[in-house]
Amino acid sequence: MNVEPVAKTESGGLRLSLRSETRFAAVGLIVVGVFLISMWAATWWAMCAQRDALDQARLDQMQVTGASLARCAEVMLADGEVTALRRIVAQTAQDAHLERCRIVLPGGRVVADANPADITLRELPAQWPGGAAVLPTEGPPAPLVFTLVVPQRGSAVLEMARTEDLSQTSYWLTQAGIGGICVTALLALLVLYRRVRAGLRGICAVREALLAREHGQTTLEALEVNPEWGPEARAWNDMLGQEGARQKHVALEKTRETLQARVCGTDRLTVACDALSQGLILLEKNLRATYVNSAAALLLQAKREDMLSADITSFVKDERVVAAARAAAGNGAMQRRTIVEVQRNGETGGGVLRFIVRPVRRDDTGVAMIVVEDITQQRAAEEARHTFVAQATHELRTPLTNIRLYTEMALEEGQKDPAVLKNCLSIINQETFRLDRTVADILSIAEIEAGTMTVRRDDVRLEEIFPELQADYEAQARGKQVELEFRLPPKLPVLKGDREKIRSALHNLVGNALKYTPAGGQVRVAVKVDQDQLVVDVSDTGIGMTEEDRQHLFEKFYRAKDPRVAKVTGSGLGLAIAREVIRLHGGDIVVESELNRGSTFTLTLPVPPEGA
Ligand code: ADP
């Protein structure tokens, strides 16, 4: 169903089309019309029926009256009592409401008539005219005609006709009466309808509004009805008002909730930005900071409140960063990000900061964003990687160069002098071992750095390892004229761990002590079990080291600056690997040393409880 548009009423409310009311009125009128027409038709039919019955009754009565009048007239005409006959005819016509009542002799002469003026034969003639009576031609034919037979005189005709006018008039009067009643009833109904309509208008309007609402009209203003249409209309308008107020309240609540959600969201965003390890700065077009997170303040070593609303130049000194920010926020010259790396505090060693400057959105150059990162460690790692590659290459290249040189020498001079050949092959053999060890060490270091080094959990029988160690290095110590002493307890524990790796770590410590102890010196390996710890002291009276060397001793590829160290072959990987391996077993290696006086390396390892 279509809802017709609404129009403004003078009262300011909105008026609906009131089709219901119109329909109601139309239906009412049709019902009343049909009722009245039915009433009229029924009455008309009844009247017709009644009139026919009446006519028939009157006809019957006229027949009877006519028959008796005819008998009477025959007698009176035979006796010549014309005057009496005329009186009876007039009386009968009056009593029976006859329009016409007359006696006509043959030849058409009227001897008696209800209307005396129409009598054409005053006296009965002596000679009775023969033939049939001829009725006058004027007027409607009489409905009743009686033939009179007058003895000894002849025949005559009694003609009778009732008064038609009377029944017609009464019929039309009745019809007019019914019509009047109908019109009166209609008028009364109209008056009644006007009264009822005043009461119904509000209800109809409310019904219209309800239908409009059901068909999608949700604007409350459009559903208002004229308040002058009764209490229902006013109640409806009140209800709409309450609904409007409720809707407003709901809308307000929703807006409030949305705002609250946004505020919470912004808060969360702020918290999240504050939790970032990178610094974040938002700059307006005038290069003043509108947002600074805590990391940015920390990295730029400034107070956050001082940075907020301050010009970028007050907390970033590097011109390149300022220019990039100006381009991003100011003149729209920059659409992409600019990366600037700045030495912290303008000096090396103070760390490196990376500034990533970009517009917040590519199409919006009004706000710039600066992300600040501390890439000091990243840089150090990169450098360490480069150093490692360079050092590893160097460590590999040295034995390879030696192998190549001595191979060439062996090829050139070895055939002439077997002693040279032997010496060359011996050196090549040593360098091959060295190369093999270095490659193994580099692989171990790579494993350590990748965190993939694993250690086995075998039984490590120290009573087997230390005698082997002593046997391995005794010859070397003797050759170098260094006194090597092992002080072992009567009973050595069995450890849990990777036998080979622990053995290598001990080898490294004892080997270093011998390597860096000149002839005439001493190397002592003292082993003891202290509660649940194995403690191995490897001390020597060698070259020792400076405090700075001691601090970097366990870094990979690190070798002391001492020129005496450079004379000894080594890669600077042994200690780094040894300490990591021991730490993986839950132990540690520490060192005490004094330049030119000697060093003591102490290795500790956990001893499992007996029977474990
Ligand atoms: P390498 O001995 O192959 O150079 P290491 O990692 O075993 O590598 O040792 C690293 C450095 O520690 C050595 O180069 C040396 O400078 C120093 N160092 C190790 N052991 C001793 C020691 N007993 N006495 C003096 N310096 C030592």
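Numbering of ligands and ligand atoms starts at 1, following listing order. These numbers were taken from a predicted model, which means no experiment stands behind them.
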Within the 4.0 Å heavy-atom sphere of ligand 1, strictly under, residues: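 Lining ligand 1 at under 4.0 Å, by heavy atoms, one finds Asn508, Asn512, Ala513, Lys515, Tyr516, Asp540, Ile543, Gly544, Met545, Leu553, Tyr558, Arg559, Ala560, Val565, Gly570, Ser571, Gly572, Leu573, Gly574, Leu575, Ser599, Phe601.
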Distance-only, no hydrogens or angles: does the Glu395 side chain make a donor-acceptor pair with backbone N or O of Arg397 under 3.5 Å? no
Does a side chain donor of either Asn429 or Thr432 reach within less than 3.5 Å of an acceptor in the other side chain? no
Would you kindly say whether Thr602 and Asp537 are connected by a side-chain donor-acceptor distance under 3.5 Å?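 Distance-only check passes for Thr602 and Asp537.
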Applying side chain to side chain donor-acceptor pair (under 3.5 Å), name anything that partners [X], two or more places apart in sequence or on another chain.
{"X": "Asp459", "answer": "Lys496"}
{"X": "His394", "answer": "none"}
{"X": "Arg404", "answer": "none"}

